[in-house]
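All chains are named by letter (A, B, ...) in the order of the sequence lines, taking the proteins before the strands, and each is independently numbered beginning at 1.
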Amino acid sequence: MIERIAALGRSGLDILEAMGRSGMVLFHALWAWPNVRTSFPLLVKQIYAVGVLSMVIIVVSGLFIGMVLALQGYNILNRYGSEQALGQMVALTLLRELGPVVTALLFAGRAGSALTAEIGLMKTTEQLASMEMIGVDPLRRIVSPRFWAGFICMPTLALIFSSVGVLGAYAVGVLWLGVDGGSFWSNMQGSVEWGEDVMNGFIKSVVFGVVVTWIAVFQGYDTVPTSEGISRSTTRTVVYASLAVLGLDFILTAVMFGEL
Amino acid sequence: MRGRTLELAVGGFMLIGLLAIIFLALRVSGLSMNSSEETYRVVAKFENIGGLTVRAKVTMAGVTIGRVSNIYLDKEDFVGVVEMDIYKQFNNLSSDASAAILTAGGLGEKYIGLIQGAELDNLTDGSEIYDTQSALVLEDLIAKFLVGRVSDEP
């Protein structure tokens, strides 16, 4: 009995400790930024790995989600004879919710897991330790550019996702199902507010970007240096990041669009 | 050469991101410079504003000429007070113009429709529109209709 309580307390302490370590990793990664000249090529390389390589999946899923939204929306709106509201429905759904959230989930699966596995393998093969031996700070050299790359790429990807989704909806709604193109765009422009919808969605994607990259980088840096440990922390990255994104999305939505 | 293609790819990525934000700004949200246009404020009191919201359109002859900027209750007369910002370019509305709360498409969003009057003086910043027509509240209409039907019966 006592042992169980002790184990509970120990796991609580472990969680607290992990949070402390992750906070320190984040702090160091941010602190390490100012060295622009040497960091910039590293950053470009990471933006390529994190952003450019994620673009295919983002564009394809954005296109399909936009098209599906248009199909479903058309079916429902058509029943009330208001299918010209399709544009505004698709645009608001994409900009406010689906753009940031689905991008963050895909980003966690595509880029986050890769970051964790990469850093985890570096730790397991003691590359990080040997870097420290020769006087290179692994947080600065490895973690910091990856963190900043995620911070930059995630909002960009979310913007691309939303745009492609709107275009997909246009293709299905206007070109295929025959909604009037003029009212599709004008209804959209009438109801979408730059500050309210586009900017709030952008803020969401920035927050998700930070959280997902932070979790991914930390899980890699903190992995148990075995092959099993890497697999576990990669899984954990995807699970934690997805849960964090969905939970934060609720809070952010409540603050931005709710009555809070 | 390898580094060059990498940088090109990243540059292209950033460019696409920039295009996306421009697309969202201009095409999707219809952002234009009108939002920062100069306005003057006009007040109108309504018996019932019935679901009018802040940022609703103010129109004349169907053309948007302003936005509702504030709605509150007059604590003495118990009427809804609606403040609207009207674009400066429409500065020749007569002071006896009338305002009505209308509903787009019968069930859609509420907006204010102004109708030009005959007076030669113009509405200026802070002036009030006296001739107002409240929102059509569907429940009231139904209630009246039902009461009317009951009293008609022999």
Side-chain angles (χ1 to χ4, degrees), chain A residues 40-41 43-56 58-59 62 80-82 84-85 87-88 90-92 94-95 99 149 152-167 169-170 184-199 201-202 205, chain B residues 1-37 51-59 62-69 71 85 87 102-113 138:
Chain A
F40 190 72
L43 181 67
V44 169
K45 203 173 164 205
Q46 288 312 316
I47 289 180
Y48 180 79
V50 169
V52 178
L53 294 183
S54 309
M55 226 172 77
V56 176
I58 293 292
V59 167
Y80 303 101
S82 52
Q84 65 275 26
Q88 96 190 49
V90 171
L92 287 179
L94 278 171
L95 287 171
I152 294 168
C153 289
M154 171 56 212
T156 317
L157 289 170
L159 289 172
I160 295 172
F161 184 94
S162 299
S163 310
V164 172
V166 169
L167 290 176
Y170 177 82
F184 180 87
W185 290 117
S186 67
N187 260 324
M188 190 188 290
Q189 289 168 0
S191 60
V192 175
E193 298 286 340
W194 169 255
E196 182 88 343
D197 300 317
V198 181
M199 268 308 149
F202 184 75
S205 64
Chain B
M1 199 54 213
R2 174 94 181 90
R4 185 87 188 279
T5 48
L6 195 125
E7 277 164 21
L8 272 177
V10 172
F13 173 65
M14 287 299 170
L15 192 71
I16 293 171
L18 203 69
L19 287 178
I21 203 167
I22 292 171
F23 172 74
L24 290 180
L26 298 181
R27 195 71 204 187
V28 175
S29 71
L31 190 72
S32 58
M33 299 308 128
N34 286 357
S35 53
S36 59
E37 208 173 342
L52 187 76
T53 52
V54 174
R55 292 199 57 77
K57 286 187 289 193
V58 177
T59 65
V63 181
T64 304
I65 59 168
R67 297 262 169 203
V68 172
S69 59
I71 296 173
D85 288 338
Y87 301 137
L102 306 170
T103 311
L107 287 171
E109 55 174 336
K110 295 271 194 284
Y111 65 98
I112 290 186
L138 216 53

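With rounding to the nearest 0.5 Å, the separation of CG in A:Leu159 from CD1 in B:Ile16 is 12.5 Å. Taking CZ from B:Phe13 and CG from A:Leu53, the interatomic distance works out to 10.0 Å, rounded to the nearest 0.5 Å.
Shortest non-hydrogen contact noted between B:Leu6 and A:Lys45 is CD2-CA, 3.7 Å. Considering every non-hydrogen atom in both B:Val10 and A:Ile47, the closest pair reads CG1-CG2, 3.7 Å. Contact detail for A:Leu167 and B:Phe23: the closest heavy-atom pair is CD2-CZ, 3.8 Å.
The closest side-chain heavy-atom distance from A:Val166 to B:Arg27 is not below 4.5 Å. In this structure, the side chains of A:Phe202 and B:Leu24 stay at 4.5 Å or more apart for every pair of heavy atoms.
Contact of A:Met55 with chain B is made through the side chain alone, with heavy-atom distances under 4.5 Å. The part of A:Val198 that comes within reach of chain B is its side chain, from C-beta onward, which places non-hydrogen atoms under 4.5 angstrom from that chain.
Across A:Cys153, A:Ser191, A:Gly87, the residue that shares the most heavy-atom pairs under 4.5 angstrom with chain B is A:Cys153.
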